[in-house]
Amino acid sequence: MRTYPFIDKIAKLVLQPRVLLGIYIAAAVIAAVQLVLLGSHEFTWPKPPYPDDIMNKPHLMKLFIGRQLTEYNNYLIFKHSFFHLLQGSNLYGVYPAEHWDFYKYSPTFALLMAPLAYLPDIVGLTIWNLANALAVFFAIRMLPLNIRTQCMLLLFVAMELLTSLQNTQSNGLMCGLMIAAYGCMQKDKPLWATLWLVLATYIKVYGAIGFCLFLFYPGKLRFIAYAALWTIVLGALPLMVTSWQMLVTQYTNWAALIKADASAAVGLSVAGWLKSWFGLTNIMSYITLTGVFLFFLPFLRFAHYRDEAFRILILASMLLWVVIFNHKAESPTFIIAVAGAGIWYFSRPKATWRAVLFWVVFIFTSLATTDIFPPFVKQHFIYPYTIKAVPCIIAWFVVLAELMTMRRGEAHPLLMRTPQLQQKAGV
């Protein structure tokens with residue numbers, strides 16, 4: 001086979017943790033600076049992406065006519081939520097003078113934005129992006145894969161992470177927290193694992209799916225106790241700046257918003273795919289119930305609970321599942337799903353069909369919304385037919401099938417059997 005020394009040298013250089021750490025940091029900083037320098041644009045009506053979104057109401061739209069919106073609107077939602085909490089204002093109201101859209105996170109998350117709230121946007125946004133990028137980086141470094149494979153996985157998810165950073169989303173943080181919880185469970189650190197899971201849940205409620213991991217490890221009562229402790233501590237944390245009565249009101253308003261939002265759109269999800277391809281509507285509850293049933297079906301294979309190959313596939317399934325069955329999934333959310341697809345691929349034996357699916361995910365999910373595809377293709381094919389979601393939907397069903405058919409004790413050379421075998425190198 002012909003070799004290319006120059007390409008081999010580049011690969012050897014890039015596939016080093018310290019180099020990739022530098023790339024991740026640079027991407028976070030550059031994305032933040034770029035967004036601030038882009039300035040603002042005038043509000044356009046109706047606001048994309050979903051015509052049935054809870055914000056897409058005429059009486060709300062009129063509040064934004066003539067307003068200037070920044071290119072980092074999501075960060076402003078997070079930033080101003082702290083001031084609303086501090087002032088005793090409704091966290092889940094509409095604030096046209098500050099940002100577009102509703103705040104959809106917990107009061108706890110609003111409090112945790114305090115360190116960034118008083119900083120200039122260019123500084124606060126940079127730190128926010130760094131938190132998301134580094135969460136993904138260090139979480140993947142915790143996986144029971146050898147160093148080279150970890151680096152290949154970091155390269156695979158980098159494009160999707162950049163999409164999330166450019167939208168100043170919290171999805172990188174969510175992805176990192178869920179993977180880190182698994183990594184801590186692997187190392188018998190349930191105190192930290194439960195902290196990451198509770199924190200993820202207080203950011204986005206679907207983070208709670210990660211609690212299923214406790215079934216695979218000893219010390220279940222300890223895990224439950226720690227989870228209860230962190231739930232109470234983090235849930236009550238906003239009492240540092242608000243009253244008990246106001247905090248109860250905030251949680252009530254949060255629950256009401258989540259309920260209203262749950263039936264508002266189908267997004268880049270299984271529901272969105274079925275609607276755009278087959279015209280199926282008003283079946284959200286059936287899709288959710290089916291998704292929950294299928295997700296937990298492999299959990300009936302009790303004899304596999306101690307198999308590392310089985311547990312890491314459950315992690316991959318979880319990361320894919322929370323996106324493709326999320327009615328509000330949008331392009332920046334897919335850092336989570338792509339990480340799941342990558343974990344599946346790199347933890348399984350090599351096979352041509354797996355490699356094909358791996359590259360299909362990269363091309364039609366990670367690159368789907370980039371300039372690689374001409375605008376005509378995106379407008380008439382990628383967007384209308386939710387193409388970005390389809391490879392991840394296929395990948396999840398493949399993971400599910402492998403979970404249901406894998407043999408007991410099955411392993412792969414790239415997969416470390418115990419944390420003690422993890423190579424100590426790089427960062």
Side-chain angles (χ1 to χ4, degrees), residues 53-55 57 60 73-96 98-118 128 131-132 168-171 173-174 177-178 181 191 193-212 214 223-265 267 284-285 288 292 322 325-329 333 336:
D53 190 273
I54 56 175
M55 273 299 293
K57 303 293 186 294
L60 294 178
N73 183 72
N74 289 308
Y75 172 73
L76 292 181
I77 295 175
F78 306 148
K79 170 182 175 177
H80 285 287
S81 68
F82 169 71
F83 296 115
H84 299 156
L85 179 69
L86 195 63
Q87 297 159 3
S89 304
N90 181 8
L91 283 170
Y92 309 98
V94 179
Y95 296 94
E98 297 170 354
H99 55 73
W100 161 266
D101 213 345
F102 291 101
Y103 173 76
K104 300 174 183 178
Y105 302 77
S106 70
T108 299
F109 182 70
L111 179 68
L112 294 177
M113 288 301 296
L116 304 183
Y118 292 99
W128 171 248
N132 279 264
T168 64
Q169 291 273 21
S170 61
N171 298 304
L173 190 57
M174 289 293 297
L177 289 171
M178 288 191 284
L191 179 67
T194 50
L195 172 60
W196 305 143
L197 289 175
V198 172
L199 182 57
T201 305
Y202 276 120
I203 298 175
K204 293 187 176 182
V205 291
Y206 62 67
I209 193 67
F211 286 102
C212 69
F214 92 100
F223 183 95
I224 293 171
Y226 285 145
L229 172 66
W230 287 125
T231 299
I232 295 170
V233 170
L234 292 184
L237 205 60
L239 290 174
M240 295 172 60
V241 299
T242 191
S243 67
W244 169 259
Q245 183 178 5
M246 178 54 66
L247 182 58
V248 171
T249 300
Q250 298 286 19
Y251 277 110
T252 302
N253 291 339
W254 185 31
L257 181 67
I258 290 175
K259 182 178 179 180
D261 197 41
S263 59
M284 183 55 123
S285 58
T288 301
V292 171
V322 296
F325 285 96
N326 179 1
H327 69 287
K328 295 295 290 184
T333 316
I336 303 172

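In what follows, every heavy atom counts, from backbone to side chain, and hydrogens, waters and symmetry copies are set aside.
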Tell me, with the steps shown, if Asn171 and Asn132 meet side chain to side chain contact (heavy atoms under 4.5 Å, CB included). CA-CA 7 Å; Asn171 298 304; Asn132 279 264; 5.8 Å; no
Is a side-chain donor or acceptor of Tyr103 paired with a backbone partner of Ser106 at a separation under 3.5 angstrom? yes
Could you tell me whether the side chain of Ser170 and the main chain of Leu173 form a donor-acceptor pair under 3.5 Å? no
When rounded to the nearest 0.5 angstrom, what distance separates NE2 in His327 from OH in Tyr206? 11.0 Å
Any side-chain heavy atom of Leu197 within less than 4.5 Å of one from Phe214? no
Taking the six-membered ring for Trp, are Tyr95 and His84 parallel (under 30°), tilted (30 to 60°) or perpendicular (over 60°)? parallel
The reported gap from OG1 in Thr168 to CG in Asn73 (rounded to nearest 0.5 angstrom) is 7.5 Å
Sub-3.5 Å donor-acceptor pair from the side chain of Asn253 to the main-chain atoms of Tyr92, do we have one? no
Which value, rounded to the nearest 0.5 Å, describes the distance between Leu229 atom CG and Ile224 atom CD1? 13.5 Å
Between Lys79 and Ala117 the two heavy atoms that sit nearest each other are CE-O, 3.2 Å
Gap between atom NE2 of His80 and atom CG of Leu86 - 0.5 Å precision: 13.5 Å
Mind checking whether Phe78 and Phe109 have parallel, tilted or perpendicular rings, split at 30° and 60°? perpendicular
Please tell me if the side chains of Leu257 and Lys104 come closer than 4.5 Å, counting only heavy atoms from C-beta onward. yes
With side chains defined as the heavy atoms from C-beta onward, is the minimum distance between Leu195 and Leu234 less than 4.5 Å? yes
For the CE atom of Met174 and the NZ atom of Lys204, what is their distance to the nearest 0.5 Å? 6.5 Å
Is any side-chain heavy atom of Met113 less than 4.5 Å from a side-chain heavy atom of Tyr75? yes
Which of parallel (below 30°), tilted (30 to 60°) and perpendicular (above 60°) describes Trp254 and Tyr251? tilted
Quick one: does any side-chain atom of Gln250 pair with a main-chain N or O of Ser89 as donor and acceptor, under 3.5 Å? yes
Tyr202 backbone acceptor or donor facing Thr108 side chain under 3.5 Å: no
Verify side chain to side chain contact (heavy atoms under 4.5 Å, CB included) between Trp100 and Leu76, making sure each step is shown before the conclusion. CA-CA 9 Å; Trp100 161 266; Leu76 292 181; over 6 Å; no
Could you check whether atom CD of Gln245 has more than 12 heavy atoms from other residues, nucleotides or ligands sitting under 6.0 Å from it? no
Straight-line distance of Leu247 CG to Thr242 OG1, nearest 0.5 Å: 6.5 Å
Mind checking whether Tyr105 and Leu91 have side chains closer than 4.5 Å, heavy atoms only? no
Between Val198 and Val233, does a side chain to side chain contact (heavy atoms under 4.5 Å, CB included) hold up when you go through it step by step? CA-CA 10 Å; Val198 172; Val233 170; over 6 Å; no
Are side-chain heavy atoms of Ile203 and Leu177 found at a separation under 4.5 Å? yes
